[in-house]
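Numbers here are sequence positions counted from 1. What you are looking at is a predicted structure, and each value in this text was computed from that prediction instead of being measured.
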Amino acid sequence: MHLREQQPNQKQVKLMLLKTYTDLRAWRDLLSLLPELDRKKLLPKETIIATKLKSYAGLLSEAGEHANKKELELVWSEIPRKYRRELHILEVYTREKLKFADTADCEPLLKYAIKHEWDTEIVRLYGLVQGEDPVKQLSFVESLQSGHARDPVLLLTLGRLAMRNSLWGKASAYLKESIQINPMPESYRELAILLEKQGDYSAASSYYQQGLTLATSVMKHDEVKMLEQVEQQEAVTSGARQIV
């Protein structure tokens with residue numbers, strides 16, 4: 001900031017400030033700086049837009065971390081409409097909104113997104129939000145089967161929505177098919193919850209255990225992958241030092 005006061009038109013100072021705001025996660029300061037960088041063409045248009053999206057996502061996440069519903073909704077209202085339709089922004093907003101009781105406003109937003117672009121994470125979130133009409137919500141997702149009948153995430157979402165409509169047999173069939181195609185911890189969990197509702201505690205316990213075992217193996221796999229990435233980076237760094 002001192003350098004900026006001394007050299008207000010210096011390009012490098014502005015770019016240093018951009019990096020500093022990003023590292024500090026100072027999202028509002030970053031958003032305030034971007035118009036100036038855009039006017040003076042110091043960054044490509046694509047980079048400006050990507051940084052805006054990152055900043056809006058950061059503000060949404062912070063509001064969710066603070067457990068502040070009003071702050072979350074305020075940030076959402078400040079985001080230009082054209083950016084609200086970006087899948088990542090919608091995903092972050094919905095994920096944070098799920099921390100609170102009211103997710104009705106997310107349902108039409110997710111529905112619109114799914115109609116225009118298939119994205120499995122958006123489909124997954126659609127099964128978690130509670131719209132105003134659970135029957136219509138299930139009917140919409142069932143209409144997607146013609147093009148994605150074997151999609152395990154779609155089947156998981158169908159299972160969740162069928163459960164919400166108390167269609168136990170249909171929900172069980174969807175969840176079991178999802179597990180058969182691609183076992184996921186959350187599919188096992190939903191099926192266990194369903195079996196508990198039906199009073200089959202022994203089978204529910206078995207599915208909970210299978211889901212937990214799978215989740216643990218996934219975590220271990222991710223840890224190994226991270227270690228491998230760190231080792232690769234260290235090898236590259238070591239090689240660079242040897243060259244120097």
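- No donor-acceptor pair under 3.5 Å is formed between the side chain of D105 and the backbone N or O of E107.
- Across every non-hydrogen atom of A171 and G159, the tightest pair is CB-O, 3.5 Å.
- Within the 4.5 Å cutoff, side-chain heavy atoms of L53 are placed close to those of I49.
- Linking ILVMFWY side-chain heavy atoms closer than 4.5 Å, directly or via other members, places V135 and W168 in two distinct hydrophobic clusters.
- Between W76 and Y93, the two ring planes are parallel [angle under 30°; tilted spans 30° to 60°].
- Atoms CG and CG, from L24 and D29 in turn, are 9.0 Å apart once rounded to the nearest 0.5 Å.
- Placement of L74 and L31 in two distinct hydrophobic clusters is found when ILVMFWY residues are connected by side-chain heavy-atom separations under 4.5 Å, directly or transitively.
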The test is side-chain contact (heavy atoms from CB on, under 4.5 Å); show your working for S61 and R95 and say whether it passes.
CA-CA 9 Å; S61 295; R95 189 175 64 238; 4.3 Å; yes
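- Within a 6.0 Å radius of OH in Y201, other residues, nucleotides and ligands contribute 12 heavy atoms or fewer.
- A 6.0 Å sphere centred on NZ of K115 holds no more than 12 heavy atoms belonging to other residues, nucleotides or ligands.
- Contact detail for L72 and F100: the closest heavy-atom pair is CD2-CE1, 3.8 Å.
- Scanning both residues, A57 and V92, for their nearest heavy atoms gives O-CG1, 3.7 Å.
- Y21 has its side chain out of reach of S55: every pair of non-hydrogen atoms, C-beta onward, lies at least 4.5 Å apart.
- There is a side-chain donor-acceptor pair under 3.5 Å between Y208 and E196.
- The neighbour count for K54 NZ, taken as heavy atoms of other residues, nucleotides or ligands under 6.0 Å away, does not exceed 12.
- Between Q137 and R164 the shortest side-chain heavy-atom distance falls below 4.5 Å.
- Cation-pi geometry between K111 and F140 is satisfied (NZ or CZ under 6.0 Å from the ring centre, within 45° of the ring normal).
- Annotation: side chain of M163 is not in contact with side chain of R160 (no heavy-atom distance under 4.5 Å).
- A distance-only check finds no donor-acceptor pair linking the side chain of S187 to the backbone of P183 [under 3.5 Å].
- With hydrogens and angles left out, the side-chain atoms of Y174 and E142 include a donor and acceptor closer than 3.5 Å.
- For the atom pair CG of D119 and CZ of R124, the computed distance is 11.0 Å after rounding to the nearest 0.5 Å.
- Under the 4.5 Å side-chain criterion, counting only non-hydrogen atoms from C-beta, L144 is not in contact with L158.
- L30 and L15 end up in the same hydrophobic cluster when Ile, Leu, Val, Met, Phe, Trp and Tyr side chains are linked at under 4.5 Å.
- A donor-acceptor pair under 3.5 Å is absent between the side-chain atoms of N165 and the main chain of L138, judged by distance alone.
- Between E96 and G64, the closest heavy-atom pair is OE1-CA, 3.1 Å.
- Side-chain contact between R85 and L90 is absent, with no heavy-atom pair separated by less than 4.5 Å.
- Judged by distance alone, with hydrogens and angles left aside, the side-chain atoms of S32 form a donor-acceptor pair with the main-chain N or O of R28 at under 3.5 Å.
- Checked for salt-bridge contact, E186 and R189 miss the test: no charged N lies under 4.0 Å from a carboxylate O.
- Checked by atom type and distance alone, the side chain of T103 pairs as donor or acceptor with a backbone atom of Q130 at under 3.5 Å.
- Residues Y126 and T94 are not in side-chain contact: their nearest non-hydrogen atoms beyond the backbone lie 4.5 Å or more apart.
- The hydrophobic cluster containing L87 does not contain Y112, counting ILVMFWY residues as joined when their side-chain heavy atoms lie under 4.5 angstrom apart, directly or transitively.
- Looking only at side-chain heavy atoms (C-beta outward), L194 and D200 stay at 4.5 Å or farther from each other.
- How far CG of L128 is from OG1 of T157: 7.0 Å, rounded to the nearest 0.5 Å.
- Minimum interatomic distance between G211 and Y188 (heavy atoms only, all atoms of both residues): CA-CB, 3.6 Å.
- Heavy atoms from other residues, nucleotides or ligands lying under 6.0 Å from CZ of R84 number more than 12.
- A donor-acceptor contact under 3.5 angstrom links the side chains of Q210 and S206, judged on distance only.
- Here the straight-line distance linking atom CG of L18 with atom CG of L34 works out to 6.5 Å at 0.5 Å rounding.
- A continuous path of hydrophobic side-chain contacts links W118 to L161 [ILVMFWY only; heavy atoms under 4.5 Å].
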